[in-house]
Amino acid sequence: MTGPGGTVRAVLGAPHPLLSAVAEPVDPTEPTVVSAAEDLLATLRAERGTAGLAAPQIGLSLRLIAFDAGRHPRSRSWAGELVLANPRLARAAHWDEGREGCASVEGLTADVRRATRITVHGHLPGSGEAVTIEADAFEARCIQHQLDHLDGLLFLDRVPGALSLHRRLHSCGA
């Protein structure tokens, strides 16, 4: 489906090989990257109950993430609805376990240990402007989840054992 601001793409499900591959760095000013960012954001908007997506989840091996944690009840920080190119975790502190789900892994959630306060550097698609995001609580968890996708990791790769897995009871995932 194409509309203003991008095309909604299908979200790939595990074990698709693109989900376990490291995504390629991008030039955030390239028209194809800007178009991919628009598609990523359009797909995120269409995925009800999903707070973030990474480009590999929509079939693009590009270092792009989109997130909007503002509607989640556990959100404290909110950077807005945002796409970052070549995001990089610069600081992580205050680690804690929390429940995560994923649009690419149907029917499961898991308890995953992540930092609750982070700093991320990246660039805005289009202008290439450098940005720094300070996030905490759910937004920090959401961003780290997306960063993992860029490195070919699923949240299941961070689960210490089967006792950390749970059947998904609702659609509000990371």
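The analysis underlying the following values was restricted to heavy atoms, covering all of them including side chains, and did not include hydrogens, waters or symmetry mates.
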So how far is it from [X] [atom1] to [Y] [atom2], rounded to the nearest 0.5 Å?
{"X": "Leu150", "Y": "Leu89", "atom1": "CG", "atom2": "CG", "value": "11.5 Å"}
{"X": "Leu147", "Y": "Leu153", "atom1": "CG", "atom2": "CG", "value": "10.5 Å"}
{"X": "Leu156", "Y": "Cys102", "atom1": "CG", "atom2": "SG", "value": "8.0 Å"}
{"X": "Ile58", "Y": "His149", "atom1": "CD1", "atom2": "NE2", "value": "12.0 Å"}
{"X": "Glu24", "Y": "Leu62", "atom1": "CD", "atom2": "CG", "value": "8.5 Å"}

Contacts satisfying salt bridge (Lys or Arg N to Asp or Glu O under 4.0 Å) that involve residues 142-152 (not counting sequence neighbours) are Arg63-Asp151, Arg114-Asp148, Asp148-Arg158
message: Quick one, Leu12 and Pro56 - any side-chain contact, counting heavy atoms below 4.5 Å?
response: no
Check whether any side-chain heavy atom of Phe67 sits under 4.5 Å from a side-chain heavy atom of Leu84, and report yes or no.
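Yes, close enough: below the 4.5 Å cut-off.
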Within the side chain of [X], is there an N or O that forms a donor-acceptor pair under 3.5 Å with the backbone of [Y]?
{"X": "Gln144", "Y": "Ala115", "value": "yes"}
{"X": "Arg141", "Y": "Val112", "value": "yes"}
{"X": "Thr50", "Y": "Gly52", "value": "no"}

Below 3.5 Å, can you tabulate the donor-acceptor pairs from side chains in residues 118-126 to any protein atom, sequence neighbours excluded?
unit_1, atom_1, unit_2, atom_2, d
Thr119, OG1, Arg91, NE, 3.3
Thr119, OG1, Glu134, OE1, 2.9
Thr119, OG1, Glu134, OE2, 3.3
His121, ND1, Thr132, OG1, 2.9

_Apply side chain to side chain contact (heavy atoms under 4.5 Å, CB included) to residues Trp95 and Thr116 and explain how you reach the verdict._
CA-CA 6 Å; Trp95 297 77; Thr116 62; over 6 Å; no
Run Asp136 and Arg117 through salt bridge (charged side-chain N to carboxylate O under 4.0 Å, His left out) and show every step you take. CA-CA 4 Å; Asp136 68 4; Arg117 293 186 187 153; 5.1 Å; no
query = Should Ile65 and Leu82 be marked as a side chain to side chain contact (heavy atoms under 4.5 Å, CB included) after you check the CA-CA gap, both sets of side-chain angles, and the distance that decides it?
reply = CA-CA 8 Å; Ile65 64 171; Leu82 199 57; over 6 Å; no
Under the rule for side chain to side chain donor-acceptor pair (under 3.5 Å), what residues qualify as partners of Asp27, not counting sequence neighbours?
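Side chain to side chain donor-acceptor pair (under 3.5 Å) check on Asp27 returns Thr29.
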Ser104: what forms a side chain to side chain donor-acceptor pair (under 3.5 Å) with it, not counting sequence neighbours?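 Residues passing side chain to side chain donor-acceptor pair (under 3.5 Å) with Ser104: Gln57.
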Please name all residues satisfying salt bridge (Lys or Arg N to Asp or Glu O under 4.0 Å) with Glu81, sequence neighbours left out, ordered by chain then number.
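Per chain and number, Glu81 pairs via salt bridge (Lys or Arg N to Asp or Glu O under 4.0 Å) with Arg45.
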Donor-acceptor pairs under 3.5 angstrom involving side-chain atoms of residues 34-42: please list them, not counting sequence neighbours.
unit_1, atom_1, unit_2, atom_2, d
Asp39, OD1, Thr7, N, 2.7
Asp39, OD2, Arg9, NE, 3.0
Asp39, OD2, Arg9, NH2, 3.2

